[in-house]
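Presented below is the structure to which this report refers.
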Amino acid sequence: MSIIVKTMVCLIAVPVTVFGLYVVSHGHLTPGGGFPGGTVIATLVALMLVAFGKGAGGKLGGRGFLSSLESIGLFLFAFVAFLGMGSTFFGNFLANTGGIFGDPVAFGSNPGNVNTGGVIPFMNLAVGLEVFAALSLIILIMFTHSKEDTP
Amino acid sequence: MIRSVKAASLIILLALLLLSMMTMRPFGVPADTSMDDYFISNSQQEISSNNVVTAVLFDYRGLDTLGEASILFAAATGVFLVFRRSLSGKR
Amino acid sequence: MISLHFLFVIVLVVLGLSAVVFKRNMIKIVMGLNVIAGGVNLFLISMGYRQGAVAPIFTNAPDLLMVLPTPQALTLTAIVINLTVTALMLSFIIMLYKHYRSLDSFKRRLLG
């Protein structure tokens with residue numbers, strides 16, 4: 001691609017990543033969560049592939065790295081779910097305990113406190129990691145393949 | 001011949017859907033809201049999450065989300081599998 | 001009585017189905033399936049709407065009358081599943097194009 005596209009992708013790379021991380025980490029307070037945040041970060045991979053060509057895939061760590069990130073995300077999600085087995089599967093064992101992410105919330109409209117939510121921020125992080133890795137993997141594989149021998 | 005059969009069945013489907021629109025509930029009046037009212041009024045005390053959708057997604061209906069994440073994993077694995085020949089270089 | 005949201009759902013679903021039934025290009029069939037999925041998502045969301053309510057998020061909420069959260073969570077699930085199924089279908093189409101050099105779903109070798 002031309003120099004304009006490359007420069008613009010480099011310019012918006014950091015804001016897009018920060019916005020995606022914001023959406024993931026504030027999933028229990030604002031609209032968003034793991035799925036939209038992971039998708040926002042994965043759009044950056046698509047942009048970089050379009051701008052820099054196939055070589056950007058290797059710089060991102062390649063298929064093996066993304067595949068292991070995806071497995072780690074799914075494993076973390078199920079692991080956090082299993083940690084709540086004391087009450088039920090997917091039991092929220094951190095909520096209202098006063099520890100990490102454990103502040104209690106009163107009913108009604110409030111300005112929001114990041115230190116709430118119990119296990120939901122951890123699950124958001126795990127799902128965001130998995131969605132980012134899976135979408136990047138799909139985009140990367142389809143892109144590198146379709147570039148191969150199109151007539 | 002086949003094309004007209006397809007068109008006729010589509011028109012029949014359209015007529016049935018339009019017929020069911022006549023008995024549709026009015027917009028903005030949900031049928032039974034007891035479960036969702038419980039979620040709205042209790043998610044802040046039980047889950048301590050301001051976002052009720054996230055509380056439903058990750059706690060009350062967590063198994064749904066686990067299945068969804070598994071489907072995403074399986075789809076990525078499937079794309080990997082479909083392209084495995086051309087990715088490994090021998091074709 | 002005409003309910004406008006359901007009319008839009010009907011239009012989307014029938015348009016998508018007609019694309020699936022009448023088109024021969026496989027990418028257009030996938031597009032039709034996506035249009036059907038949009039109609040279904042619109043149906044789910046509109047079933048959960050409550051008159052004059054706000055989104056079910058308590059952070060700086062102007063009102064405590066809220067729309068139903070469960071259809072929204074299910075719609076999020078449906079969107080992600082639709083995305084993955086679309087990716088899988090498109091990769092199958094790429095492989096079929098590599099083998100048959102054609103996107104026509106009525107081709108003799110694909111039908112057989």
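The chains referred to below are lettered A, B, ... by the order of the sequence lines, with proteins before strands, and numbering in each begins at 1.
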[atom1]/[X]: more than 12 non-hydrogen atoms of other groups inside 6.0 Å:
X	atom1	result
A:F93	CZ	yes
B:I2	CD1	no
A:F52	CZ	yes
A:F65	CZ	no
A:F107	CZ	yes

* Structure fact -> Turns out that what part of A:T30 lies under 4.5 Å from chain B's heavy atoms comes down to backbone
* **Segment of A:V131 engaging chain B (4.5 angstrom heavy-atom cut-off)** =>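 Contact with chain B: backbone and side chain both.
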* **Selection from A:G33, A:A133, A:G108 maximising heavy-atom pairs under 4.5 Å formed with chain B** => A:G108
* Asked: Quick one: of A:L29, A:N113, A:D103, who has the most non-hydrogen atom pairs under 4.5 Å with chain B?
  ->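 Looking at each of A:L29, A:N113, A:D103 in turn, A:L29 comes out on top.
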* Asked: What residues of residues 117-127 of chain A sit under 4.5 Å from chain B when you count only heavy atoms?
  -> A:G117, A:G118, A:I120, A:M123, A:N124, A:V127
Identify the heavy atoms of [X] and [Y] that sit nearest to each other, and give their distance.
X	Y	answer
B:L72	A:A134	CG-CB, 3.8 Å
A:S71	B:F73	OG-CE1, 3.7 Å
B:A69	A:E130	O-OE2, 3.0 Å
B:S48	A:N96	CB-OD1, 3.8 Å

* Would you say A:T116 and B:N50 make side-chain contact, with heavy atoms under 4.5 Å? -> no
* Do B:D64 and A:F90 have side-chain heavy atoms sitting under 4.5 Å apart? ->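 They are not in side-chain contact.
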* Would you call the rings of A:F77 and B:F58 parallel, tilted or perpendicular if under 30° counts as parallel and over 60° as perpendicular? -> perpendicular
* Residue selection (most heavy-atom pairs with chain A, distance under 4.5 Å) from B:N42, B:V52, B:V53, B:L66 -> B:L66
Contact origin within [X] toward chain A - heavy atom pairs under 4.5 Å:
X	answer
B:S43	neither
B:E68	side chain
B:L57	side chain

Going from [atom1] on [X] to [atom2] on [Y], what distance comes out if it is rounded to the nearest 0.5 angstrom?
X	Y	atom1	atom2	value
B:F83	A:L140	CZ	CG	11.5 Å
B:D59	A:T88	CG	OG1	7.0 Å
B:T77	A:E70	OG1	CD	5.5 Å

